[in-house]
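In what follows, a single structure is set out as structure tokens and then discussed.
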2 protein chains.
Amino acid sequence: MPERLTPLAVCALALLAERPMHPYEIAQLLRARGQDQDVKLRIPSLYHAIERLERDGLIEVSGVDREGNRPERTTYRLLKAGRDAMERQVIVWLQAPRAEFPVLPVAVGEAHFLTRAEVERVLAERRDAVARERAAVRVFQEAALDKGVPRRMLLGKEFTLHRLDAEPRVGRLSPVRSRERGP
Amino acid sequence: MPERLTPLAVCALALLAERPMHPYEIAQLLRARGQDQDVKLRIPSLYHAIERLERDGLIEVSGVDREGNRPERTTYRLLKAGRDAMERQVIVWLQAPRAEFPVLPVAVGEAHFLTRAEVERVLAERRDAVARERAAVRVFQEAALDKGVPRRMLLGKEFTLHRLDAEPRVGRLSPVRSRERGP
DNA sequence: GTCACACTAGTCGGCGTTGAATACTCCACC
DNA sequence: GGTGGAGTATTCAACGCCGACTAGTGTGAC
């Protein structure tokens, strides 16, 4: 019983809690709900994740069908063990912050290998990129709220906005020295 | 020329820019400097990363020695290509935010599978954990500054503090409904 | 009617990560 | 003089991730 679930696996289990689905359908729903901004969704990873969930007895095949000549679609159903495992994993994630490792601190830490001018240029580009991303998230959020999507499903967006708003500090934290040329 | 470097690879290259070292020595230095709080340092990952760097011509073996009966130590040296690749990667990371996927938004998004009481309990635990972590980071930071470590090397800690301070919002964002029992 | 393009549905193979194991040294303590 | 724990230095195998590919279906434009 390994039962350490990946974020994608938890999302898949959560959707299967609504009704049985086939993997591709799960992917579509995740995208439609904008959850692909919270979890890294790669189709092959999803298929592997589903396989593991089945192997571990958290879900089971509920049917295989095919339309015309298209590939077979295997539909899966959530099992009790799967529901429990998902809830345990959510508790673990809420309970304590995990050590996660964003690359920005590393990049800032090694920025002294660059010239001050280079650092200033790329950080300016970054500020623009952040502003664009922020705007895009807001558009998505507003559109969803207008369509009546409950706020509960959009909490991820609120986090993202908080995170993006905290970012501009980076610009104010760049004590770099001029380039030394090594090997 | 794949040349997409992992964070650990960049840190290794950065240390090799100081002088040739063997992998274990790199690990020790990273720990000594507290950089293992910014990058995920697992010894086997480091060995693999070094192997790849050598294979890709970014570093080269500068010698193999052994003390007594201990395992051989292979020392590596930074090459020009490695230095350039590292700088390019740092620029990429500074230039634009990458989509990174912390688990907290996912957990909050699926928290409606739990009862309100459970959510409140685990979030309270989380707040304590965050406070403890914050305190520990401050201690490390102060100690380092006292020892004369330059602030540039401690920017990662400042980021961490900002991130931890933003966290308590989570508690104020928990519109959960009471438990529904599904399959 | 056919060509280009987008969508549906899934597989394959190589890359990177990591818990566990190995094996030896040094040192303290009893 | 032996046992146990911490540190040194590396390897192994299983796992998870993902770019690239396959292969069929619908669709609009010329």
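For the numbers below, each heavy atom of this structure counts, side chains included, while hydrogens, waters and symmetry mates do not. Per chain, numbering begins at 1; letters A, B, ... match sequence-line order.
For B/Arg52 and C/dT17, the shortest distance from a side-chain N or O to OP1 or OP2 is below 4.0 Å. One finds a side-chain N or O of B/Lys40 lying less than 4.0 angstrom from the OP1 or OP2 phosphate oxygen of C/dT18. OP1 or OP2 of C/dT18 lies within a sub-4.0 Å distance of a side-chain N or O belonging to B/Ser45.
Computed from coordinates, the A/Arg31 CZ to C/dC7 C1' distance equals 11 Å when rounded to whole Å. One atom, CD1 of B/Ile43, and another, P of C/dT18, lie 12 Å apart when rounded to the nearest Å. The nearest whole Å value for the distance from the CZ atom in A/Arg55 to the C1' atom in D/dC15 is 9 Å. Between the CG atom of A/Leu29 and the C1' atom of C/dA9 there is a distance of 16 Å, given to the nearest Å. Rounded to an integer number of Å, the gap from CD of B/Glu25 to P of D/dT10 is 10 Å. Between the CD atom of A/Glu72 and the C1' atom of D/dA23 there is a distance of 14 Å, given to the nearest Å. Rounded to whole angstrom, the span from the CZ atom of B/Arg4 across to the C1' atom of C/dG14 amounts to 12 Å. Following rounding to the nearest Å, A/Tyr47 (OH) and D/dA20 (C1') show an atom-to-atom distance of 16 Å.
For B/Arg73, taking side-chain heavy atoms from C-beta onward, the closest of the listed nucleotides C/dG16, D/dG16, D/dT10 is D/dT10. Each of D/dC12, C/dG16, D/dG19 was ranked by its minimum atom distance to the side chain of A/Arg42; first place goes to D/dG19. Checked against D/dT10, C/dT8, C/dT18, the side chain of B/His22 finds its nearest nucleotide in D/dT10.
For the pair B/Tyr24 and B/Pro44, nearest-nucleotide mapping onto DNA chain D gives the more 5' position to B/Tyr24. Along DNA chain C, the nucleotide nearest to B/His48 and the one nearest to A/Pro23 differ in position, and the one closer to the 5' end is contacted by A/Pro23.
Annotation for B/Leu164 and B/Val130: closest pair O-CG1, 3.9 Å, computed over non-hydrogen atoms.
A salt bridge does not link B/Glu51 with B/Arg55: every distance from a Lys NZ or Arg NE/NH1/NH2 to an Asp or Glu carboxylate oxygen is 4.0 Å or more. Electrostatic pairing of A/Arg33 and A/Glu18 counts as a salt bridge here, judged by a charged N lying under 4.0 Å from a carboxylate O.
With rounding to the nearest 0.5 Å, the separation of CH2 in A/Trp93 from CZ in A/Arg88 is 13.0 Å.
Here A/Asp65 pairs with A/Arg73, A/Thr75 under the side chain to side chain contact (heavy atoms under 4.5 Å, CB included) rule; sequence neighbours left out.
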